[in-house]
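Below is one structure; the comments refer to it alone.
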Amino acid sequence: MTLVQMQFRPVSTRHVHGTVADTMDAAGPQVWEDMTVEVALSVMAAARTGHLVVCDDDGLCTGLVTRARLTAVRDGSGYTDRICLRDIADVIAPFASPLTTRAEAERAMRHRRLGALPVVDEQGNALGVLALSR
């Protein structure tokens with residue numbers, strides 16, 4: 001059985017400028033790397049979210065996975081029900097520091113074509129998620 005760690009943190013008022021810490025959303029559901037794609041999709045549906053923060057066995061953030069990525073894997077020709085989040089090569093994402101400016105983070109996200117970016121502290125704990133402005 002795979003455990004899901006839920007951590008809700010207060011969300012600050014959104015600002016156009018400032019640091020990532022000023023504008024990030026709560027981290028939302030945090031799941032372990034050994035969770036299967038099907039279970040991850042179920043957790044997303046239950047949590048009504050489009051992403052999950054992925055953690056290793058020590059609870060440190062290793063990346064973020066989106067509903068679109070999980071659906072693409074599930075619909076792929078090589079899919080089996082044994083594929084875990086750690087098996088998805090691009091689940092490991094770049095991270096933002098809470099002190100990074102929002103403008104720097106958004107530029108990096110657009111350059112890498114990421115819709116969301118995990119925000120982690122110095123130890124690798126997920127603090128939140130930064131999503132691109134529309």
Side-chain angles (χ1 to χ4, degrees):
M1 182 164 121
T2 304
L3 299 176
V4 177
Q5 177 181 350
M6 301 289 286
Q7 291 185 348
F8 295 98
R9 290 179 167 53
V11 178
S12 64
T13 307
R14 291 198 169 269
H15 299 278
V16 176
H17 303 289
T19 65
V20 168
D22 296 330
T23 58
M24 68 184 180
D25 293 324
Q30 296 182 27
V31 298
W32 275 257
E33 296 172 318
D34 64 346
M35 180 177 279
T36 65
V37 170
E38 286 299 326
V39 173
L41 283 166
S42 295
V43 170
M44 276 187 189
R48 295 186 176 132
T49 186
H51 67 268
L52 297 172
V53 173
V54 181
C55 299
D56 64 15
D57 291 335
D58 295 323
L60 301 179
C61 181
T62 60
L64 183 131
V65 67
T66 63
R67 182 186 324 268
R69 175 65 177 138
L70 293 176
T71 302
V73 168
R74 185 191 60 197
D75 295 343
S77 62
Y79 176 75
T80 71
D81 61 356
R82 294 184 184 184
I83 294 178
C84 296
L85 298 181
R86 76 166 54 88
D87 300 329
I88 302 171
D90 63 352
V91 74
I92 297 174
F95 306 108
S97 160
L99 301 177
T100 304
T101 68
R102 174 138 179 135
E104 290 172 328
E106 285 188 350
R107 271 194 302 278
M109 291 168 67
R110 284 191 176 94
H111 177 72
R112 293 182 181 115
R113 296 181 182 179
L114 300 172
L117 188 65
V119 180
V120 299
D121 64 15
E122 306 82 38
Q123 290 78 36
N125 298 300
L127 301 174
V129 174
L130 180 67
L132 275 179
S133 305
R134 300 281 175 205

>> Would Leu127 and Met24 count as a side-chain contact (heavy atoms from CB on, under 4.5 Å) here? Give the steps.
In response: CA-CA 9 Å; Leu127 301 174; Met24 68 184 180; 3.9 Å; yes
> Shortest non-hydrogen contact from Gln30 to Ala27?
Replying inline: NE2-CB, 3.6 Å
>> I need the minimum non-hydrogen distance between Phe95 and Cys61, along with the two atoms involved.
In response: CE2-SG, 3.5 Å
> If you round to the nearest 0.5 Å, how far is CE of Met35 from CZ of Arg86?
Replying inline: 11.5 Å
> CD1/Ile83 to CZ/Arg74 distance, rounded to the nearest 0.5 angstrom?
Replying inline: 12.0 Å
>> Using every non-hydrogen atom in the two residues, find where Ala126 and Val120 come nearest and quote the distance to one decimal.
In response: CA-CG1, 4.1 Å
>> Rounded to the nearest 0.5 Å, what separates atom CG in Leu130 from atom OG1 in Thr100?
In response: 9.5 Å
> Is there a side-chain contact between Val129 and Val119, using heavy atoms and a 4.5 Å cut-off?
Replying inline: no
> Roughly how far apart are Asp121 CG and Gln123 CD, rounded to 0.5 Å?
Replying inline: 4.5 Å
>> Rounded at 0.5 Å granularity, tell me how far CD in Glu106 sits from CG in Leu114.
In response: 12.5 Å
>> Checking the side chain of Asp22 only, and the main-chain atoms of Thr19 only, is there a donor and an acceptor separated by less than 3.5 Å?
In response: yes
> Hey, is the main chain of Thr101 close enough, under 3.5 Å, to the side chain of Glu104 for a donor-acceptor pair?
Replying inline: yes
>> Just to verify, which of Val39, Thr62, Val54 counts as forming a side-chain contact (heavy atoms from CB on, under 4.5 Å) with Leu85?
In response: Val54
> Does Cys55 reach the side chain of Leu60, with side-chain heavy atoms less than 4.5 Å apart?
Replying inline: no
>> Among Leu52, Val37, Val53, exactly one meets side-chain contact (heavy atoms from CB on, under 4.5 Å) together with Val65. Which residue is that?
In response: Leu52
> When hydrophobic residues are tied together by side-chain contacts of less than 4.5 Å, even through go-betweens, does Tyr79 share a cluster with Ile88?
Replying inline: yes
> Between Leu41 and Thr71, is a side-chain contact (heavy atoms from CB on, under 4.5 Å) present by the stated rule, with each step listed?
Replying inline: CA-CA 8 Å; Leu41 283 166; Thr71 302; 4.0 Å; yes
> What pair of heavy atoms forms the shortest contact from Asn125 to Gly59, and how long is it?
Replying inline: OD1-O, 4.1 Å
>> Give me the atom names and distance for the closest heavy-atom approach of Ala47 to Pro29.
In response: CB-CG, 3.6 Å
> Is a donor on one side and an acceptor on the other found under 3.5 Å between the side chain of Asp56 and the backbone of Asp58?
Replying inline: yes
>> To the nearest 0.5 Å, what is the distance between OG1 on Thr49 and CZ on Arg67?
In response: 7.5 Å
